[in-house]
Amino acid sequence: MFPSQQSLKKNFFIPSAGADAAAPSGAGLYARFAFAGAVCCAVTHGAMTPVDVVKTRIQLEPEVYNRGMIGGFRQVIAAEGAGALLTGFGPTAAGYFLQGAFKFGGYEFWKKTFIDAVGIESARENRTAIYLGSSAIAEFFADVALCPLEATRIRLVSQPDFASGLGSGFARILKEEGVLKGFYSGFGPILFKQVPYTMAKFVVYEKAAESIYASLKTPKDQLAPSTVTTVNLGAGIIAGTAAAIISQPADTLLSKINKQKGAEGESVASRLISMSKQLGAKGLFVGLGPRIVMVATLTAGQFAIYGDIKRVLGATGGVEISK
């Protein structure tokens, strides 16, 4: 699922040990951060499409898909064939490529901006606030890019006969419902889901990685690349589990609101309130188990791939404020 060191070295330029003077900076550095984020999110979310299909079906039709994650896989395959597990792969990969660029690139940019504003020592003492603020702002802009493609993905998964793929599904929603109602009806819940999710994801990752590195006898800059990748995987699993639990209610509401059109004149806020009342606390956490599996796996993969691509591209100029 993850690109090997060999494939990364083959496809990307690797700065030589003596090329420190030519190390990327400014726009070039953040473009590398954005590219690494785009690839890691597209690869991991694309690979998890089958799990996401089952998770979405459980959320939208719990009375039908009520046999757990494994049972859900069997139900989808029995009713629609194995190919149905890849429904929405196109918008998933495209959407999260864009989202990953804005999320990871934006996180590095805003983190550096805040550090420059308050000073390195103050930033180190208040690093949790820096992590939270940077990730929240980055995620807002990432969701502007993601929302239309996420709306298309959910429509394709919830209504398999809606369209044949990304292009036709996107065009049909645009034609029948317009930009705001068709693509951004779920913008409120996607922010409600993604912003807390991303804040938890980055702050827990940073704290977990800091603790792991502190427990090792060898300084971080002297560790083997494979060890760093392992640390990224472990911290990512912890971060993904926490982020999945925090954002689960909003994820359920997002699936519901994108399943079908709202009534004429009905606002997004009123739809969300009505859905929350109908579902109740228990209903909002339907599908949590599969989602923890999915989010913990993809978050671990994202941080591992992100770190490896940054290293290969020589994008080592990010500021670290962990103790």
Among residues two or more places apart or on two chains, list those pairs meeting salt bridge (charged side-chain N to carboxylate O under 4.0 Å, His left out) that have a residue in residues 131-144.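 Qualifying pairs: Lys103-Glu139.
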
So, the side chain of [X] versus the backbone of [Y]: is there a donor-acceptor pair under 3.5 Å, distance only?
X	Y	value
Arg57	Val157	yes
Arg32	Leu313	yes
Ser135	Leu132	yes

Sequence-distant partners of [X], side chain to side chain donor-acceptor pair (under 3.5 Å), two or more places apart:
X	value
Thr92	none
Thr128	Lys207
Asn66	none
Ser168	Ser164

Ile190 side, atom CD1; Ser247 side, atom OG - distance, nearest 0.5 Å: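 One gets 11.0 Å once the value is rounded to the nearest 0.5 Å.
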
Does Tyr184, at its OH atom, have more than 12 non-hydrogen atoms belonging to other residues, nucleotides or ligands within less than 6.0 Å?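 More than 12 within 6.0 Å, yes.
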
Is it true that atom OH of Tyr107 has more than 12 heavy atoms of other residues, nucleotides or ligands lying nearer than 6.0 Å?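 It does: Tyr107 OH has more than 12 such atoms within range.
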
Got a sec, which residues hit salt bridge (charged side-chain N to carboxylate O under 4.0 Å, His left out) with [X], two or more places apart in sequence or on another chain?
X	answer
Glu63	none
Lys55	Asp52, Asp251
Arg172	Glu176

Under the side chain to side chain contact (heavy atoms under 4.5 Å, CB included) rule, what do Glu150 and Tyr96 come out as? Steps first, then yes or no, please. CA-CA 9 Å; Glu150 180 69 357; Tyr96 283 97; 3.7 Å; yes

Looking only at heavy atoms, which two atoms of [X] and [Y] are closest? And how far apart?
X	Y	value
Pro249	Ile245	CD-O, 4.1 Å
Gly106	Ala138	C-CB, 3.6 Å
Ile58	Gly68	CD1-O, 4.1 Å
Ser134	Phe114	OG-CD1, 3.3 Å
Gly301	Leu233	N-CD2, 4.3 Å
Leu279	Thr252	CD1-CG2, 4.0 Å

Without placing hydrogens or testing angles, list every side-chain donor-acceptor pair under 3.5 Å for residues 213-226, not counting sequence neighbours.
| residue | atom | partner | partner atom | Å |
| --- | --- | --- | --- | --- |
| Ser215 | OG | Ile212 | O | 2.6 |
| Lys220 | NZ | Glu320 | OE1 | 3.3 |
| Lys220 | NZ | Glu320 | OE2 | 2.9 |

Side-chain H-bond candidate by donor/acceptor type, Arg153 with Thr49, under 3.5 Å: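 Note: Arg153 and Thr49 side chains miss the donor-acceptor criterion.
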
Could you give all pairs that pass the side chain to side chain donor-acceptor pair (under 3.5 Å) test and reach residues 67-79, with sequence neighbours left out?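 Counting only pairs at least two positions apart or across chains, no side chain to side chain donor-acceptor pair (under 3.5 Å) contact touches residues 67-79.
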
Please name all residues satisfying ring-ring contact (aromatic ring centres under 6.0 Å, His included) with Phe73, sequence neighbours left out, ordered by chain then number.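 Expected list: none.
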
Just jot down the ring-ring contact (aromatic ring centres under 6.0 Å, His included) partners of Tyr306, sequence neighbours excluded, or say none.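 Once residues adjacent in sequence are excluded, the partners of Tyr306 under the ring-ring contact (aromatic ring centres under 6.0 Å, His included) criterion are Phe104.
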
Do Ile115 and Ile120 come close enough that some side-chain heavy atom pair is under 4.5 Å?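 They are in side-chain contact.
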
Heavy-atom check, side chain of Phe102 versus side chain of Cys41, under 4.5 Å: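 Not touching, per the 4.5 Å side-chain cut-off.
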
Should Leu146 and Leu174 be regarded as members of a common hydrophobic cluster, given that ILVMFWY residues are connected when their side-chain heavy atoms come within less than 4.5 Å of each other, either directly or indirectly?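 Looking at the clustering, Leu174 is in the same group as Leu146.
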
